Number of protein chains: 2
Amino acid sequence: MNLKQLSHMLGLSQTTVSRALNGYPEVNHETRERVLKAVRETGYRPNKAAQRLATGKAGSIGLVMPTSPGNSSDVHFSEFLTGLGEEALRHDFHFVLTPADPNDEVGALRRLAASGNVDALFVNYMRGHDPRLDMLKSLSMPFLVHGRSIGSEPDYPFLDIDNEAAFYDATKLLLQLGHRRFALLNGPIYFDFAIRRKNGMDAALAERGLTLDEACVSHTPMTDEQGLLAMERILQMEKDKRPTAVLCSSTVLALGAVRAINQAKLRLGEDISMIAHDDVLTLLKPENFTVPLTTTRSSLRAAGVRIAERLIGEIKHTETFPAQELWKAELIVRASTGVAPAD
Amino acid sequence: MNLKQLSHMLGLSQTTVSRALNGYPEVNHETRERVLKAVRETGYRPNKAAQRLATGKAGSIGLVMPTSPGNSSDVHFSEFLTGLGEEALRHDFHFVLTPADPNDEVGALRRLAASGNVDALFVNYMRGHDPRLDMLKSLSMPFLVHGRSIGSEPDYPFLDIDNEAAFYDATKLLLQLGHRRFALLNGPIYFDFAIRRKNGMDAALAERGLTLDEACVSHTPMTDEQGLLAMERILQMEKDKRPTAVLCSSTVLALGAVRAINQAKLRLGEDISMIAHDDVLTLLKPENFTVPLTTTRSSLRAAGVRIAERLIGEIKHTETFPAQELWKAELIVRASTGVAPAD
DNA sequence: CCATTTCCTCAAAGCGCTTTGGCTACGTCT
DNA sequence: AGACGTAGCCAAAGCGCTTTGAGGAAATGG
């Protein structure tokens with residue numbers, strides 16, 4: 001069933017039917033009702049591809065899904081996707097997901113844009129001096145960045161959390177509790193958030209004239225296994241050199257790290273204090289750890305909702321948004337942070 | 001840059017350029033090279049919407065993403081999605097994700113199909129007597145089901161794991177270890193896999209003249225919190241009535257259940273034995289549990305790869321596949337299963 | 001040397017929709 | 001009465017691609 005058949009059935013022109021469906025004013029109320037009734041009865045649905053071709057609007061937003069054989073599925077990504085979906089549902093939008101090898105994200109993005117299948121693009125997992133920014137700016141298509149790219153002009157629309165502040169505050173708290181030796185289990189060094197979190201930590205330490213021992217810093221994929229390995233390595237240090245406070249870039253890393261601490265028969269919140277960043281993953285609640293975890297919290301899912309809201313608003317030209325948003329993470333103190341042990 | 005401009009630039013007709021690009025034989029080798037060169041230089045990309053309209057093929061497969069406010073993001077879903085993506089990448093396919101309220105999956109599916117945006121459909125989270133099957137069969141579009149639907153004629157293409165056999169085998173193992181009182185932490189009762197797993201368990205017990213006490217069965221969403229709650233309830237039973245063996249439908253449920261067991265100061269693999277079904281989630285490895293978990297294992301991700309392979313093959317008409325596949329889950333014994341404690 | 005085949009190319013139709021630019025009929029204003 | 005507005009409808013063009021059916025040129029055969 002297509003427009004032609006439908007309009008013929010109704011004894012109307014395609015124009016009128018189309019207008020009736022799209023809410024144009026120059027259609028008699030009665031005629032419109034007739035059309036809507038026929039649509040309900042026949043189950044007619046406009047062909048999106050044709051609509052897309054005619055209007056240039058596709059009602060969909062494109063995103064590149066980082067994936068490749070051997071690359072693990074990322075809980076952070078799907079948590080975020082859920083947020084996006086939640087909002088998109090309200091506007092009858094959908095996503096076009098292009099899976100892409102992480103080494104060819106620029107290419108995947110270009111293909112997606114050129115395909116004419118999407119109205120707007122979205123990128124995340126930003127890196128320092130990210131090459132995708134130039135590509136996005138050269139396109140004449142709305143886009144939104146989740147995160148930022150240190151080293152690039154901040155002249156693009158983004159939504160980010162204040163990673164520096166979050167880790168600055170967390171470090172500050174631990175300093176107040178008397179800790180002097182710190183470790184950091186961070187995400188891969190090329191990611192913007194990892195750089196900023198380390199910067200925030202460095203800044204807080206510097207205020208007290210302290211520096212972070214590079215041996216106590218790890219940059220790894222954010223899996224529990226890597227957390228375990230990194231923590232084990234740190235725990236092998238001599239007791240009086242060993243850090244008493246650990247910051248983790250994700251509760252997933254913390255999961256592994258806590259396991260290492262348990263295996264070493266150390267007590268979390270007493271022998272070692274820990275603060276992790278919490279993306280509010282459904283699967284991994286910091287309050288459910290055996291020793292509930294102190295965290296800097298900011299919901300990835302909420303970010304997804306907001307990003308969908310902004311992108312869809314932009315496509316529909318219904319609203320204008322601040323181009324750049326920086327969310328504060330909350331510092332939530334639980335039992336994993338305690339006074340530094342006496343040496 | 002579109003076909004018209006490109007062909008004009010080359011002094012060729014649109015037909016010839018189009019044929020050169022799509023690998024038709026009746027194009028001079030030299031001409032084809034010229035065309036390809038021009039494409040590289042100009043960065044020309046065919047407009048997918050137009051291609052779609054002309055051919056009826058979209059190069060994308062549609063799936064409904066179960067999501068709604070308050071509905072938690074599902075690790076199982078994203079693990080699966082990763083598999084799909086991995087395979088789709090190889091064929092330059094992408095997905096169209098329609099987020100949908102779980103109560104309106106049939107509607108979402110219909111809209112997706114009618115939109116003309118997809119070549120094939122995929123559904124999962126099958127329920128007993130699933131209403132989506134009739135809808136799918138009425139569409140003239142390839143589709144593939146992940147899972148099955150008990151109570152419906154098995155005349156549709158599916159990929160499933162043998163849930164009955166998995167839980168039958170698991171139960172059998174525990175029986176051999178001397179266990180007589182069992183519990184089951186299952187997924188929601190309306191899901192096909194949940195029904196079948198329970199059936200498998202019932203069958204094994206029946207062979208020994210045992211039955212499953214309904215008070216020891218829970219049907220809940222598969223989150224760690226629900227696992228914790230369900231296990232806590234079970235542990236409140238009198239010691240000589242209390243189950244000594246627990247089956248979990250997911251390692252996520254097991255995560256919570258193990259926490260409950262720890263909190264009750266019971267020893268896993270000694271006081272209580274446990275077997276969980278393992279979808280091979282990246283985030284949650286059964287071997288990383290404090291007491292490594294015995295599992296029935298079948299990779300969701302591998303299922304994703306296979307499903308994408310089949311759907312894409314069908315769209316391209318390159319291959320024919322067996323319509324129905326039933327995978328065996330492996331039973332992997334680790335430390336969480338031990339001999340039943342003496343009463 | 002003409003007829004036939006083969007190779008390459010083209011013009012034009014069509015996919016299903018939106019949108020431009022009328023056109024008609026009727027009421028209103030001067 | 002004529003000029004003008006307006007409400008309601010329509011025919012046709014156009015979005016960018018693929019594909020059908022045809023045609024011209026070169027190569028082959030009798």
Side-chain angles (χ1 to χ4, degrees), chain A residues 1-36 38-39 42-60 92 111 113-119 140 315-316, chain B residues 1-36 38-39 42-60 92 111 113-119 140-141 315-317:
Chain A
M1 172 62 64
N2 58 25
L3 228 209
K4 197 168 173 181
Q5 293 167 30
L6 185 70
S7 56
H8 188 253
M9 202 181 100
L10 285 161
L12 290 169
S13 74
Q14 294 191 37
T15 312
T16 305
V17 177
S18 170
R19 296 210 144 136
L21 291 174
N22 294 319
Y24 281 68
E26 60 267 69
V27 170
N28 191 327
H29 178 71
E30 201 176 303
T31 311
R32 190 188 305 272
E33 288 303 315
R34 262 181 67 213
V35 171
L36 292 176
V39 165
T42 59
Y44 165 79
R45 286 270 150 192
N47 180 310
K48 286 269 182 196
Q51 239 168 0
R52 165 74 183 93
L53 193 55
T55 60
K57 298 277 162 229
S60 64
D92 195 26
R111 283 193 297 276
S115 78
N117 252 336
V118 299
D119 302 320
S140 49
I315 292 169
K316 292 189 169 174
Chain B
M1 172 62 62
N2 57 24
L3 229 209
K4 196 168 175 181
Q5 292 167 31
L6 185 71
S7 56
H8 188 253
M9 203 179 99
L10 285 162
L12 290 169
S13 75
Q14 296 190 37
T15 311
T16 306
V17 177
S18 170
R19 297 212 143 134
L21 291 174
N22 294 320
Y24 280 68
E26 61 265 69
V27 170
N28 190 327
H29 179 73
E30 202 175 302
T31 310
R32 191 190 304 273
E33 289 302 314
R34 264 181 64 214
V35 171
L36 291 176
V39 166
T42 59
Y44 165 80
R45 285 271 150 192
N47 179 311
K48 285 269 181 194
Q51 236 166 1
R52 165 77 184 90
L53 194 55
T55 60
K57 299 275 160 229
S60 63
D92 195 26
R111 282 194 296 277
S115 78
N117 252 337
V118 299
D119 301 321
S140 50
M141 183 176 286
I315 293 168
K316 292 188 169 172
H317 298 294

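Order of the sequence lines fixes the chain letters, A, B, ..., with proteins taken first and strands second; residue numbering starts at 1 for each chain. In this text the structure is predicted, and so the values were computed from the model without any measurement.
Partners of A/Ser7 under the side chain to side chain donor-acceptor pair (under 3.5 Å) rule, at least two apart in sequence or in another chain, do not exist in this structure. Looking at residues two or more places apart in sequence or on another chain, you find no side chain to side chain donor-acceptor pair (under 3.5 Å) involving B/Thr42.
The two residues B/Ala38 and B/Met9 come nearest to each other via the heavy atoms CB-CE, 4.3 Å.
First and last contacting nucleotides of DNA chain C toward chain A (any atom under 4.0 angstrom from a heavy atom, 5' to 3' order): C/dG16 to C/dG21.
A donor-acceptor pair is defined here as one N or O able to donate and one able to accept, closer than 3.5 Å; no such pair exists between the side chain of B/Ser18 and the backbone of B/Gln14. Without hydrogens or angle criteria, B/Arg32 side chain to B/Tyr24 main chain gives a donor-acceptor distance under 3.5 Å.
Contacts between residues 16-27 of chain B and DNA chain C, defined by a heavy-atom separation under 4.0 Å, are made by B/Thr16, B/Arg19, B/Glu26.
Atom OG1 in A/Thr16 sits 10.0 Å away from atom CZ in A/Arg34 (nearest 0.5 Å). To the nearest 0.5 angstrom, A/Arg52 atom CZ is 6.0 Å from A/Asp119 atom CG. Atom-to-atom distance recorded for B/Leu12:CG and B/Arg19:CZ is 13.0 Å, nearest 0.5 angstrom. The line from CG of A/Asn2 to NE2 of A/His8 is 12.0 Å long, rounded to the nearest 0.5 Å. To the nearest 0.5 Å, the span separating NZ on A/Lys4 from CG on A/Leu6 amounts to 13.5 Å.
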**Message:** Could you write out DNA chain D as dot-bracket? Rules: Watson-Crick or G-U wobble, both distances under 3.5 Å, brackets [ ] for crossings, | for pairs with another strand, dot for unpaired.
**Reply:** ||||||||||||||||||||||||||||||
Tabulate atom names and distances for all N/O pairs under 3.5 angstrom spanning the protein and nucleotides 25-28 of chain D.
none

**Message:** Under the criterion side-chain contact (heavy atoms from CB on, under 4.5 Å), I'd like the reasoning laid out for B/Val118 against B/Met141: C-alpha separation, chi angles, the key distance, then a yes or no.
**Reply:** CA-CA 9 Å; B/Val118 299; B/Met141 183 176 286; 4.1 Å; yes
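Residues B/Asn117 and A/Asn47 fail the side-chain proximity criterion, which asks for heavy atoms closer than 4.5 Å.
As a whole-Å value, the separation of A/Leu3 CG from D/dA11 P is 14 Å.
With DNA chain D read from its 5' end, the first of the two nearest nucleotides for B/Thr15 and B/Leu53 is the one closest to B/Leu53.
Within a 6.0 Å sphere centred on CD of B/Glu30, heavy atoms belonging to other residues, nucleotides or ligands number 12 at most.
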